[in-house]
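In what follows, every chain begins at residue 1, and chains take the letters A, B, ... in the order their sequences are listed. Predicted model, so just to flag it, every value in this text is computed and none were measured. All values below come from the heavy atoms of this structure, side chains included, with hydrogens, waters and symmetry mates left out.
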Amino acid sequence: NAGVTQTPKFRVLKTGQSMTLLCAQDMNHEYMYWYRQDPGMGLRLIHYSVGEGTTAKGEVPDGYNVSRLKKQNFLLGLESAAPSQTSVYFCATNPIYSNQPQHFGDGTRLSIL
Amino acid sequence: GENVEQHPSTLSVQEGDSAVIKCTYSDSASNYFPWYKQELGKGPQLIIDIRSNVGEKKDQRIAVTLNKTAKHFSLHITETQPEDSAVYFCAAREVGNQFYFGTGTSLTVIP
């Protein structure tokens with residue numbers, strides 16, 4: 001049982017390049033989230049989804065887009081990468097019930113030069 | 001929105017001593033408070049959680065307390081071991097399902 005799988009694990013981009021981060025879950029959870037983690041700032045929510053075909057903005061959505069075409073996948077896109085987007089990105093999921101914890105992937109470490 | 005503050009940002013304890021990490025939240029509607037442990041190179045993993053209708057919960061060496069009136073909750077780790085060294089995050093959840101995280105506490109247990 002893989003849980004939450006993020007690909008790729010590491011990536012180096014040049015400023016202006018684009019890329020897509022993939023989050024896949026096998027727990028049939030309705031909710032999926034993308035966070036970024038920067039030193040001293042904890043986890044900041046970028047975008048989230050409450051179900052297939054839905055997305056919503058979080059705290060820091062600028063420069064990112066997302067899609068949830070299938071329930072088990074949540075994609076995070078950077079159309080034109082900037083050095084400020086250098087970070088560790090985490091995907092998380094949780095079921096629809098209100099008092100259940102999130103399950104996290106192991107992160108994607110992204111460096112933008 | 002919710003605001004979660006976590007203290008201290010770093011904590012060093014001797015092996016066998018206790019460690020306490022405190023969080024405060026602002027939204028009285030929050031009703032679920034998980035604690036996560038994050039080891040180097042890994043994603044956060046749930047270690048204990050508490051719901052608003054409970055004041056305290058224990059799981060072996062780990063306990064969490066919740067004071068709804070004061071809007072604060074704390075993580076207590078007793079008899080600390082080197083493998084407890086990690087970053088710990090608290091979180092609070094609004095009724096609308098979004099989680100808000102503290103900024104983390106880096107715990108070092110000195111053998």
Side-chain angles (χ1 to χ4, degrees), chain A residues 2-10 21 23-25 27 29-51 54-61 74 87-110, chain B residues 1-10 21 23-25 27 29-54 57 59 62 64 66 68 73 75 86-106:
Chain A
V4 181
T5 303
Q6 292 184 232
T7 53
K9 296 189 187 309
F10 304 93
L21 282 65
C23 177
Q25 56 117 345
M27 295 175 287
H29 287 171
E30 289 77 12
Y31 293 93
M32 297 186 75
Y33 311 78
W34 277 108
Y35 294 93
R36 60 178 289 172
Q37 184 176 40
D38 302 294
M41 301 189 76
L43 291 157
R44 293 186 292 168
L45 183 64
I46 305 171
H47 286 279
Y48 63 101
S49 168
V50 300
T54 73
T55 62
K57 294 181 180 180
E59 179 187 357
V60 288
F74 195 27
S87 187
V88 182
Y89 292 85
F90 287 98
C91 175
T93 74
N94 72 280
I96 197 168
Y97 306 108
S98 62
N99 288 337
Q100 294 293 322
Q102 290 179 312
H103 298 258
F104 285 84
D106 281 338
T108 294
R109 285 145 188 83
L110 183 61
Chain B
E2 175 66 277
N3 180 44
V4 177
E5 295 189 356
Q6 183 172 346
H7 299 280
S9 57
T10 60
I21 303 170
C23 288
T24 61
Y25 61 100
D27 189 348
S30 291
N31 60 359
Y32 177 63
F33 308 91
W35 284 91
Y36 292 87
K37 176 183 181 181
Q38 185 179 23
E39 297 177 335
L40 199 61
K42 296 289 187 180
Q45 289 209 320
L46 179 78
I47 54 171
I48 196 166
D49 56 9
I50 192 166
R51 292 163 177 79
S52 59
N53 59 345
V54 176
K57 183 177 178 180
D59 183 2
I62 295 173
V64 57
L66 171 66
K68 286 195 303 180
F73 56 113
L75 177 70
V87 178
Y88 292 81
F89 290 98
C90 63
R93 186 177 191 180
E94 291 187 359
V95 173
N97 205 52
Q98 196 172 122
F99 288 79
Y100 290 86
F101 288 84
T103 50
T105 297
S106 178

Practice prompt. Sort B:Y36 into side chain, backbone, both or neither according to what part of it lies under 4.5 angstrom from a heavy atom of chain A.
Written response: side chain

Fill in: Heavy-atom contact with chain A under 4.5 Å, split by part of B:Q38
side chain

Are [X] and [Y] side-chain neighbours, meaning at least one heavy-atom pair lies under 4.5 Å?
{"X": "A:Y35", "Y": "B:F99", "value": "yes"}
{"X": "B:F101", "Y": "A:Q37", "value": "no"}
{"X": "B:K42", "Y": "A:F104", "value": "no"}
{"X": "A:H103", "Y": "B:Q45", "value": "no"}
{"X": "A:P101", "Y": "B:Y32", "value": "yes"}

Discussion item. Using 0.5 Å steps for rounding, measure from the CD atom of A:Q102 to the CG atom of B:L46.
Written reply: 10.0 Å

Worksheet, complete the sentence: Most contact-rich option vs chain A, by heavy-atom pairs under 4.5 angstrom, among B:P44, B:G104, B:S106, B:P34, is B:P44

Worksheet item: chain B heavy atoms under 4.5 Å from A:L43: which part of the residue, side chain, backbone, both or neither?
Response: both

Practice prompt. Heavy-atom distances under 4.5 Å only: say whether A:R109 touches chain B with side chain, backbone, both or neither.
Written response: side chain

Worksheet entry | Donor-acceptor pair, side chain of A:Y31 and main chain of B:Q98, under 3.5 angstrom | no

